[in-house]
Amino acid sequence: MYRFALEKLYKWKESRRRKPMIIEGARQVGKTWIMKEFGRIAYEDMVYINFDSNSRMEELFATDLNTDRLIMGLELYAGRKINPDSTLLIFDEVQEVPRALSSLKYFYEEAPQYHIVCAGSLLGIALHGGTSFPVGKVDFLRLYPLSFREFLMATEGERFATLLDRRDYSMITAFSSTYIHALKQYYFVGGMPEAVQSFAEEKDFGEVREIQKRILLAYEQDFSKHAPAGIVPKIRMVWNSIPSQLAKENKKFIYGMVREGARAREYETAIMWLCDCGLVHRISRVRAAGIPLRAYEDMKAFKLFIVDVGLLGCMADLSPRALLDGSRLFTEFKGALTEQYVCQQLKAVEELGVYYYTNDRNSCEVDFVVDSGERVIPIEVKAETNLRAKSLKIYREKYSPEIAVRASMSDYRREDGLINLPLYAIEELKGEA
């Protein structure tokens, strides 16, 4: 299995302005694996320390944070020398010892020669919960489930992913059936590394579904174990409502679907907790199409997508038989899987701000609008080959964007600034932007 995030870690290693690296992301998206794999292939040695239930590390970091003293303690714990030029220091579940997070400031200021990467399944909660470490003293990398391109590399081979990167659409169209077949599989399997690895080796959808159920159970256990007791029921209610929220024609999050008569103030903390864990993507509405889009964000109107399309299918009890039924999988519960898939791929593209657009009369809704930093690109998502996009037409007439994208099952075409981008090539939006 190959993760494109490894390329970012290589750049980090070679940077003269390198700071301790914090890898963020939901549980089981592969943070521990990528840190160890990076240590294996890029360094002569690595020292891996898991801070979960580690009393020795709690004691080591409990007193002063002098870096010479900390390195000596880490060497004693690991039983070998830590060479700053050739050893990767890995701090896993680092949020369990908050002073270890605080120490990153001192490693950056006093001992920048050491290569340190950190991660934690609930690191986002720790960071937003007041854990002390200075902004500007660490680098961040967000890790998501495997993207469709990474899934292609794991299942069909690198050549198909490389062909997408080359954007040779005449050749891509010739092999569209291969891409569509792989995309159907991805809708079911998703991008959680354990599920992808199992599928790549066994091609057993039943085993994939069991893995997904175990992951979802682990998330439910995290709610009870780590969230404040008072909001645990609300977290569960919000989480379990997401499939039905996305099954609506209008996928805007409705509090009344969580519980009849529910109000925003009752569930805001629960939603924030799920966002901080990396389990949901909150996609806000924008009222206009200026740069930056954030300036036009309507915080009261939003959609919630979960971390992975395969997990959404599991929550909705999607049958593997849907894979065999033509394009049914793409249109399943009003295209919810397709919109979830597009959201997931857009979030994996670095430096894209992702929103959705409706006008003031709600007579025009564009599924996604993205801010590349240089331009705003509207994206209409079509689960089938039907290319009629009334809202996109209204949006283009009003804002005259340089390019607009219609993501569908049809082949690539470009005409008068309107690009039809095949769903399986949606990551290549970065090349169009």
Participant: Give the ring-plane orientation class for Y169 versus Y412, where under 30° counts as parallel, over 60° as perpendicular and anything between as tilted.
Facilitator: parallel
Participant: Any heavy-atom pair between the side chains of L274 and V238 that's under 4.5 Å?
Facilitator: yes
Participant: Are any non-hydrogen side-chain atoms of E297 and M299 less than 4.5 angstrom apart?
Facilitator: yes
Participant: Taking CD in E7 as the centre, count heavy atoms belonging to other residues, nucleotides or ligands within less than 6.0 Å. Is the count above 12?
Facilitator: yes
Participant: Does a side-chain N-to-carboxylate-O contact under 4.0 Å join K137 and E109?
Facilitator: yes
Participant: Salt-bridged, E339 to K303, with N to O below 4.0 Å?
Facilitator: yes
Participant: Nearest 0.5 Å, what's the CZ-OH distance between R17 and Y108?
Facilitator: 9.5 Å
Participant: When you look at V47 and L88, which way does the side-chain contact (heavy atoms from CB on, under 4.5 Å) test go after all the steps?
Facilitator: CA-CA 6 Å; V47 170; L88 178 65; over 6 Å; no
Participant: According to the interplanar angle, ranging from 0 to 90°, do the rings of Y186 and F151 count as parallel (below 30°), tilted (30 to 60°) or perpendicular (above 60°)?
Facilitator: perpendicular
Participant: Let me confirm one number: the CE-CD1 distance from M237 to I231, rounded to the nearest 0.5 Å.
Facilitator: 13.0 Å
Participant: Return the OG1 to CD1 distance between T32 and I90, rounded to the nearest 0.5 Å.
Facilitator: 8.5 Å
Participant: Is E210 salt-bridged to K213, cutoff N-O under 4.0 Å?
Facilitator: yes
Participant: Check G373 against D371 and note the closest heavy-atom contact, atom names and distance.
Facilitator: N-OD1, 2.8 Å
Participant: Could you check whether F199 and F205 have their ring centres less than 6.0 Å apart?
Facilitator: yes
Participant: Around atom CZ of F175, are there more than 12 heavy atoms of other residues, nucleotides or ligands at under 6.0 Å?
Facilitator: no
Participant: Looking only at the aromatic ring of each residue, does the gap between the centers of Y179 and F148 stay below 6.0 angstrom?
Facilitator: no
Participant: Can you measure from CD1 (I283) to CG (D367) and round to the nearest 0.5 angstrom?
Facilitator: 12.0 Å
Participant: In terms of side-chain geometry, is the basic nitrogen of E380 or R406 positioned less than 4.0 Å from the acidic oxygen of its partner?
Facilitator: no
Participant: Can the ring centres of Y355 and Y296 be said to be less than 6.0 Å apart?
Facilitator: no
Participant: Under a 4.0 Å threshold between the charged nitrogen and the carboxylate oxygen, would R18 count as salt-bridged to D139?
Facilitator: no
Participant: Around R166, counting heavy atoms of other residues, nucleotides and ligands shown, do more than 12 lie under 6.0 Å from its CZ?
Facilitator: no
Participant: How long is the gap from CD on E365 to CD on E249, to the nearest 0.5 Å?
Facilitator: 9.5 Å
Participant: Does atom CZ of R214 have more than 12 heavy-atom neighbours, drawn from other residues, nucleotides or ligands, at distances under 6.0 Å?
Facilitator: yes
Participant: Any idea how F305 and F368 line up, ring-wise: parallel (<30°), tilted (30 to 60°), or perpendicular (>60°)?
Facilitator: tilted
Participant: Are E266 and K234 close enough for a salt bridge, meaning some N to O gap below 4.0 Å?
Facilitator: no
Participant: Does some side-chain heavy atom of S86 sit less than 4.5 Å from a side-chain heavy atom of D45?
Facilitator: no
Participant: Do the side chains of D92 and K31 get close enough for a salt bridge, i.e. N-O under 4.0 angstrom?
Facilitator: no
Participant: Can you establish whether the number of heavy atoms outside E201 located under 6.0 Å from its atom CD is more than 12?
Facilitator: yes
Participant: Checking L146 against M1 for the side-chain contact (heavy atoms from CB on, under 4.5 Å) test, could you report, in this order, the C-alpha distance in whole Å, the side-chain angles of both residues, the deciding distance, and whether it holds?
Facilitator: CA-CA 9 Å; L146 275 76; M1 197 172 343; 3.6 Å; yes
Participant: To the nearest 0.5 angstrom, please state how far the CG atom of L141 sits from the NZ atom of K8.
Facilitator: 6.0 Å
Participant: Crowded around K252 NZ? As in, over 12 foreign heavy atoms under 6.0 Å?
Facilitator: no
Participant: Is it the case that more than 12 heavy atoms not belonging to R56 sit under 6.0 Å from its CZ atom?
Facilitator: no
